[in-house]
Q: 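For reference, the structure I am asking about is given below.
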There are 2 protein chains.
Amino acid sequence: MAAPRPTIKDVAALAGVSKSLVSLAMRDSGRVSPESLTAIRAAADELGYRPNAAARSLADRRSNTIGVLVQDLHNPISAEIIDGVQRQVRASGYHTMLVTGSEVAELEQSEIEKLLEFQVEGLVIIGHRMPAGARAAIKGYCPTVIISRAESDIAGLDSISNDDNAGGRMAVDHLYSLGHRAIAHITGGDNKVALMRKSGYESAMTGYGLATQLASYEGAFTDEGGYRGTCAALDSKMGHSAIFVANDLAAVGALAAAADRGLKVPDELSIIGYDGMALGGLRSISLTTIAQPLATMGLDAAALLFLRIKDPTRPPVHIGLEPRLVIRNSTGVYHR
Amino acid sequence: MAAPRPTIKDVAALAGVSKSLVSLAMRDSGRVSPESLTAIRAAADELGYRPNAAARSLADRRSNTIGVLVQDLHNPISAEIIDGVQRQVRASGYHTMLVTGSEVAELEQSEIEKLLEFQVEGLVIIGHRMPAGARAAIKGYCPTVIISRAESDIAGLDSISNDDNAGGRMAVDHLYSLGHRAIAHITGGDNKVALMRKSGYESAMTGYGLATQLASYEGAFTDEGGYRGTCAALDSKMGHSAIFVANDLAAVGALAAAADRGLKVPDELSIIGYDGMALGGLRSISLTTIAQPLATMGLDAAALLFLRIKDPTRPPVHIGLEPRLVIRNSTGVYHR
DNA sequence: AACGGGTATTGGAACGGTCCAACGCAGCGT
DNA sequence: ACGCTGCGTTGGACCGTTCCAATACCCGTT
């Protein structure tokens, strides 16, 4: 059955009025007599009428839609950020169109391209990598906010993130205050976020006069990366009593590495992660971490986006939120 | 700056041809002379032209878009299913529009409504609850596939899921073969999926002549639910040596409950989950589970959807995939 | 030189909405 | 009786595409 969807014209015909009036009625913009209104309502749901968003967006010259690109849907923190974004976007009467990125830059680029073709009025990008299409976004003057990276350096893009540098220092502070000195760091790769966390680690260590104890091992923002990095750290002969891992996912890998070596956490080894993913709070993981205010970041990002939409000329800003230390059971006082 | 996006007309004017030709060129549908083609290409990217999806979809009378509703984005298995769906959808030359559901039925309903307004050509619903808008979807003749619930009973909807009943039995089989007899079950609530897993548990137990050992404790598909249910199980005086938890997330909660009680897993208590979420494979969790073929389910769902789009009259089918046992370190042989 | 045939190109009518200027009609004051 | 005013309503233009029928052009035949 072809079953062509009923249009506004069909409704008008059935209700015995003009399509203009139906249009007004559908958006209940006053000025429609009660009788017409009920007649139209009745006709509409007898036919199962549903407005055509494409037509509307074409006529309006606005899509009422915000595009969201999530680089890594598998990282549990993405879901929490998305929640925040969606709530705010919804509250503002917009819809979200969510697409997922991928390692392949071209695919990511093409996803952004699609969003732009849909005439999204704004773009939220969630991820720690530089999105392939960001520059295109700027060039096309599509209001854009990047979450989780500080992009204030890239002219024209608003961004929001926690202060990774400060967070890195907080991690060290915490371990130091527990008495640890031989503190290792497992990196999260060579993306900017990971590098900032690392530099926070380094500056705090140096600040404590522990420059000689500096020891970074190569990891990644994944379970596997954390496992490998931690193995390397433990294999070294530096006698690390505590490890600061670049993110929670990797820290869970670190926990596993410790378990494999028969090291009790936190008695024999303290481990602290970064992100504050909900799963880290699961009782059987119970990971001490530097938590980002994930939902807040999502909310604020959307709010920021609407500000820019309203005034595209405002200077780009970067909002840096303070992360906070969440102490659970993976860190403890140092005792030899 | 108003910066109105350039249209096909602008490109045509700049390239000195008609808009029709530009239209042809943009979709490289043969028949355009090389000279025109390059002229148009040049004009297009000088202006930064990007086709307007709304206009295109209006003229084409098709959106080239598949809507995806994810009921629970926070459950890590969602991401893996989505991956599968997206890959298949992309491979078929369509885009996906992803929205998230919520506990609030009305919100979920309105999200589906939005998707339909966007004239999505098909709908994929990922979740174990009955989606509020499913009936509307059927009524509106929008091709729909439900993932993770068997909805063959609801006329007109295709569905795809693993066989939860068989999976429940497999879990019991595994524990039984390890020598366990006092096997408890932590439920996942009163949704259909959870109920089927439970009934698999019950029938397997009864089959082994363990009807007297049947013991289900109320839980939920969350960490918290698993924790509470397991506490209840352990507080009972039934001496359970093994627990089958309705899903992985809850099973992680169960692990925590065991740890809190000082019970060694798997030596003193075996725990098996259900789903096969990637996080269960993290070394420090290492959860034995009944794994669903998540990515495959996503792929197949999309494939099924396209079949239905092509032929809307075909009878609705349900595809049941076999789950498989993944043995890790949370289950072990029974010894008193 | 006229003709046919193919190829490259074009104008205009859709598509389903929104917007706007104009219209009919009541009630009102004068 | 007259023109105002204001409300409810209407037709038609427009949004940026695609599609189709029509056209212009070039080339080889006859």
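Within every chain, numbering begins at 1; the chains are lettered A, B, ... in the order of the sequence lines, protein sequences first and strands thereafter. Atom set for the values below is all heavy atoms of this structure, side chains included, hydrogens, waters and symmetry mates excluded. Please read these numbers as outputs of a predicted model, since none were measured by experiment.
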Q: D:dG11 P sits how many Å from A:Ile8 CD1, rounded?
A: 14 Å
Q: Using a cut-off of less than 4.0 Å, is there contact between a side-chain N or O of A:Arg56 and OP1 or OP2 of C:dT18?
A: yes
Q: In whole Å, I'd like the distance from the CD atom of B:Glu117 to the P atom of C:dG16.
A: 15 Å
Q: Quick test of your reading of the model: are B:Glu111 and A:Arg90 salt-bridged, counting only N-O distances below 4.0 Å?
A: yes
Q: Return the 5'-most residue of the pair B:Pro34, B:Asp60 with respect to DNA chain C, ranking by each residue's nearest nucleotide.
A: B:Pro34
Q: Examine the side chains of A:Tyr49 and A:Arg41 and answer whether a donor and an acceptor come within less than 3.5 Å of each other.
A: no
Q: DNA chain C: B:Glu35 or B:Arg61, which has the more 5' nearest nucleotide?
A: B:Glu35
Q: Rounded to the nearest angstrom, tell me the gap between atom CZ in A:Arg5 and atom P in C:dG17.
A: 11 Å
Q: Kindly point out which of D:dG8, C:dC15, C:dG16 is positioned nearest to the side chain of A:Thr7?
A: C:dG16
Q: Applying a 4.0 Å non-hydrogen cut-off, can you work out what B:Ser57 is touching in the nucleic acid: base, sugar-phosphate, or nothing?
A: nothing
Q: Could you state the atom-to-atom distance from CZ of A:Arg62 to C1' of D:dG16 in whole Å?
A: 18 Å
Q: Expressed as a whole number of angstroms, how long is the span from A:Gln119:CD to D:dT17:P?
A: 8 Å
Q: Is it the case that B:Asp83 and A:His74 place a side-chain donor and acceptor less than 3.5 Å from each other?
A: yes
Q: Checking side-chain hydrogen bond (donor to acceptor under 3.5 Å, both in side chains) between A:Tyr94 and each of A:Gln88, A:Gln86, A:Arg62, which is the one that passes?
A: A:Arg62
Q: Given B:Ile8, which partner from the list B:Pro51, B:Ser23, B:Ser18 fulfils the side-chain contact (heavy atoms from CB on, under 4.5 Å) test?
A: B:Ser23
Q: For B:Lys9 and D:dT17, give me the distance from atom NZ to atom P, rounded to whole Å.
A: 10 Å
Q: Between C:dC19 and A:Arg27, is there an OP1 or OP2 to side-chain N/O distance shorter than 4.0 Å?
A: yes
Q: C:dG17, D:dG8, C:dA8: which one has an atom nearest the side-chain heavy atoms of A:Arg31?
A: D:dG8
Q: Quickly work out the A:Leu47 CG to C:dG16 C1' distance and round it to whole Å.
A: 15 Å
Q: Take the protein atom CZ of A:Phe118 and the nucleotide atom P of D:dG16, then report the distance between them rounded to whole Å.
A: 17 Å
Q: Determine whether the side chains of A:His95 and A:Thr65 contain a donor N or O and an acceptor N or O closer than 3.5 Å.
A: no
Q: In residues 15-25 of chain A, which residues come under 4.0 Å of DNA chain C by heavy atom?
A: A:Lys19, A:Ser20, A:Ser23
Q: Look at the aromatic rings of B:His128 and B:Phe221 and report parallel, tilted or perpendicular, splitting at 30° and 60°.
A: perpendicular
Q: Kindly point out which of C:dC15, C:dG16, C:dG17 is positioned nearest to the side chain of A:Leu58?
A: C:dG16
